[in-house]
Amino acid sequence: MRRTMTFERVRGFRDHYPEDMMPRKKIFKVAEESAESLGFKKVDFPSLEYLDLYRLKSGEELVGQTFSFVDKGGREVTMIPEATPSVVRMITARKDLIKPIRWYSLPKIFRYEEPQAGRYREHYQFNADIFGADSPEADAEIIGLAGMILDGLGLASRYEIRINSRPLLESILNSVGCRNVPAAFGVIDRFRKIDREEFFSEMSATGIDSERTELLYSMISQTVEPGKIRDVTGGFASPSVDAEISRLQYIGDLVSRMILSPVKVDLSIVRGLAYYTGVVFEAYDVMGKHRAILGGGRYDGLAALMSDQDIPAVGFGMGDAVIELLMKEEGKWFYANEKPSFYVCCTRKESKSYAFAVSREVRSGGGATIDDLSNRGLSAQLRNAAGEKCDYAVIIGEREEASRTATFRNLVSGEQKEIEYGKIGQHVLTLKGKSENKA
RNA sequence: GCCGGGGUGGGGUAGUGGAUAUCCUUGGGGACUGUGGAUCCCCGGACCCGGGUUCAAUUCCCGGACCCGGCCCCA
């Protein structure tokens with residue numbers, strides 16, 4: 001009778017095995033490189049913050065969905081549920097920073113919610129923000145970065161970015177006699193989930209008559225090219241509406257210069273009831289199958305809420321969960337080594353020293369170079385090499401050691417070549433890895 | 001927090017109120033003794049947990065945790 005102890009994962013948390021971690025790493029790599037290509041700098045911050053940091057901004061509602069506890073020193077703390085407050089805390093703590101500031105980060109964030117498709121209690125979230133610039137160009141750069149990342153992952157034309165403007169929506173609502181804009185935002189945010197009657201009755205509760213509600217309903221039901229916003233907002237003309245439309249169109253134009261996929265205006269994008277004050281946006285898969293891949297917007301009031309400084313800001317966050325679902329569907333969930341990989345076989349113990357020296361030479365110009373640890377027969381070692389999906393085997397034995405050479409075997413074609421020890425590094429640089437490799 | 005669905009080795013499965021729980025795959029070891037995912041041999045590994053019904057539960061019933069999906073919410 002065997003007695004085994006098995007440990008379960010905590011609900012809603014994930015393990016990441018290599019076959020999944022490799023493509024996940026690729027997402028982060030593309031995101032980080034895209035950000036850095038625009039001059040963004042990486043920052044990091046604790047996984048634990050005072051709960052008050054979130055109370056300020058979001059009230060008790062969000063607080064109820066956090067992993068919070070009182071630590072041994074009596075501090076009320078929480079596993080961070082988002083990055084933005086921490087980043088704003090960092091920004092406001094340093095008055096010497098030259099603005100505009102472009103920062104990105106890649107924390108794990110936590111939320112105590114029921115797990116669902118594309119939602120876990122812990123996930124990675126790439127974040128990028130620009131502080132100290134309230135221009136539409138800053139808006140465009142953030143939205144453009146979001147698109148660049150998706151493009152870089154091979155998802156061009158498989159996603160679309162939908163943008164909206166909170167002040168635009170607010171102007172529209174004001175112009176139709178809405179007495180409770182936040183409530184109306186809430187209804188618009190949920191409009192795809194509620195039926196028509198519910199929409200009408202809730203809108204009427206905010207003071208909008210049914211004729212105007214009809215117009216609103218039609219307006220938020222469609223997504224349009226930025227150039228055609230006025231086609232759907234025609235019934236709500238006013239100077240403030242007009243100014244907001246122009247800004248949104250300008251942003252849309254700039255973004256379209258940066259990315260490969262369409263930018264559409266979707267007047268139903270509200271982004272919850274959070275702290276957004278300007279442009280808001282989300283990226284969706286074109287099939288509309290999943291929840292938003294990423295989302296963000298302008299939040300000019302947050303720094304003032306948290307400090308004595310008034311710093312305009314715009315940013316976005318992208319979790320790793322939804323994009324994983326999408327990449328799997330699109331056949332992009334795999335990883336290919338950029339450099340060829342090697343397995344250094346050694347046929348006899350006496351040549352191990354030489355084999356290790358050869359390994360070092362190979363590594364100097366190549367990718368992963370695996371030393372054999374099994375000390376088994378050559379055929380077994382070659383089998384291991386194949387199992388590791390290496391591109392080449394480097395065979396070392398009595399003959400190679402005597403002649404100061406190494407035998408390179410291409411594990412795909414079977415071709416072999418003997419290379420002098422001194423020329424190994426150079427030879428490796430001429431080799432290519434195979435580009436398939438399944439996840 | 002609520003609702004629906006689900007569970008047999010690591011993965012995929014067969015099956016059953018009773019006997020050593022099926023098959024494939026994967027994993028480990030060995031043979032082939034300097035050229036590979038082959039072949040052959042050997043080995044390891046499972047009925048989610050707890051209670052109940054029963055002579056007997058992996059099987060039926062209840063509860064819990066977990067997984068999948070949804071609601072709420074959405075950083």
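In what follows, chains are A, B, ... by sequence order, proteins preceding strands, each numbered from 1.
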Nearest-angstrom distance from the residue atom [atom1] of [X] to [atom2] of [N]:
X         : N      : atom1 : atom2 : answer
Asn375(A) : G29(B) : CG    : P     : 13 Å
Leu373(A) : G28(B) : CG    : P     : 13 Å
Ile194(A) : C73(B) : CD1   : P     : 11 Å
Arg376(A) : G34(B) : CZ    : C1'   : 16 Å
Asp129(A) : A75(B) : CG    : P     : 13 Å
Asp15(A)  : G11(B) : CG    : C1'   : 16 Å
His290(A) : G69(B) : NE2   : P     : 11 Å
Glu415(A) : G36(B) : CD    : C1'   : 16 Å

For the [atom1] atoms, the ones on [N] and on [M], what distance do you get once it is rounded to whole angstrom?
N      : M      : atom1 : value
C61(B) : G45(B) : P     : 31 Å
G15(B) : C73(B) : P     : 44 Å
U58(B) : A19(B) : C1'   : 15 Å
U13(B) : C66(B) : P     : 24 Å
U53(B) : G12(B) : P     : 35 Å
C62(B) : A38(B) : P     : 47 Å
G44(B) : U22(B) : P     : 13 Å
U26(B) : C40(B) : P     : 13 Å

Checklist entry - Is a side-chain N or O of Asp372(A) found less than 3.5 angstrom from the main chain of Asn375(A), in a donor-acceptor match? => result yes
Checklist entry - Relative to the 5' end of RNA chain B, which residue comes earlier, Tyr120(A) or Glu282(A), by the nucleotide with the nearest heavy atom? => result Tyr120(A)
Checklist outcome for this item: Note: for Ile395(A) and His123(A) on RNA chain B, the residue whose nearest nucleotide lies more 5' is Ile395(A)
Checklist entry - Between C73(B) and Lys193(A), is there an OP1 or OP2 to side-chain N/O distance shorter than 4.0 Å? => result no
Next on the checklist: I want to check one thing: is the phosphate of G69(B), taken as OP1 and OP2, less than 4.0 Å away from some side-chain N or O of Arg119(A)?
Outcome noted: no
Item to check | G-U wobble or Watson-Crick pairing nucleotide for U33(B) (cut-off 3.5 Å, both distances) | outcome: none
Item to check | Paired nucleotide for C2(B) [Watson-Crick or G-U wobble; both distances under 3.5 Å] | outcome: G70(B)
Under 6.0 Å from the [atom1] atom of [X], do we count more than 12 heavy atoms belonging to anything else shown?
X         : atom1 : answer
Gln426(A) : CD    : no
Glu418(A) : CD    : yes
Lys289(A) : NZ    : no

Next on the checklist: Among residues at least two apart in sequence or on other chains, which ones pass side chain to side chain contact (heavy atoms under 4.5 Å, CB included) with Ala31(A)?
Outcome noted: Phe126(A), Ile149(A)
Could you tell me whether [X] contacts a base, only the sugar-phosphate backbone, or nothing, with contacts defined as non-hydrogen atoms closer than 4.0 Å?
X         : answer
Gly317(A) : nothing
Glu400(A) : base
Arg348(A) : nothing
Ile80(A)  : nothing
Arg14(A)  : nothing

Checklist outcome for this item: Closest to the side chain of Arg409(A), out of G36(B), C68(B), C74(B), is G36(B)
Checklist outcome for this item: By ring pair (Phe, Tyr, Trp, His ring centres under 6.0 Å), Phe67(A) pairs with (sequence neighbours left out) Phe13(A), Tyr112(A)
Checklist entry - Can you name the ring pair (Phe, Tyr, Trp, His ring centres under 6.0 Å) partners of Tyr299(A), sequence neighbours left out? => result Tyr275(A)
Decide whether [X] and [Y] meet the rule of one side-chain donor and one side-chain acceptor closer than 3.5 Å.
X         : Y         : result
Thr407(A) : Glu400(A) : yes
Trp333(A) : Asp20(A)  : yes
Ser268(A) : Arg192(A) : yes

Checklist entry - Between Arg348(A) and Glu401(A), does at least one N-O distance fall below 4.0 Å, as a salt bridge requires? => result yes
Checklist entry - Is there a donor on the side chain of Gln65(A) or the base of G1(B) sitting less than 3.5 Å from an acceptor on the other? => result no
Checklist entry - Which of residues 377-388 of chain A have a heavy atom under 4.0 Å from RNA chain B? => result Leu378(A), Ser379(A), Leu382(A), Arg383(A), Ala386(A), Gly387(A)
Checklist entry - So which of residues 108-116 of chain A are in contact with RNA chain B, with a heavy-atom cut-off of under 4.0 Å? => result Arg111(A), Glu113(A), Glu114(A), Gln116(A)
Next on the checklist: Is the terminal nitrogen or CZ of Arg166(A) (NZ for Lys, CZ for Arg) located under 6.0 angstrom from the six-membered ring centre of Tyr276(A) and within 45° of that ring's axis?
Outcome noted: no
All N/O contacts under 3.5 Å from nucleotides 64-66 of chain B to the protein, with atom names and distances to one decimal?
unit_1: A65(B); atom_1: O2'; unit_2: Glu8(A); atom_2: OE1; d: 3.4

Next on the checklist: Arg363(A) and side-chain contact (heavy atoms from CB on, under 4.5 Å): which single residue from Asp371(A), Val358(A), Ile424(A) fits?
Outcome noted: Asp371(A)
Checklist outcome for this item: Closest non-hydrogen atoms of Leu145(A) and Met258(A), given as atom of the first, atom of the second and distance, are N-CE, 4.1 Å
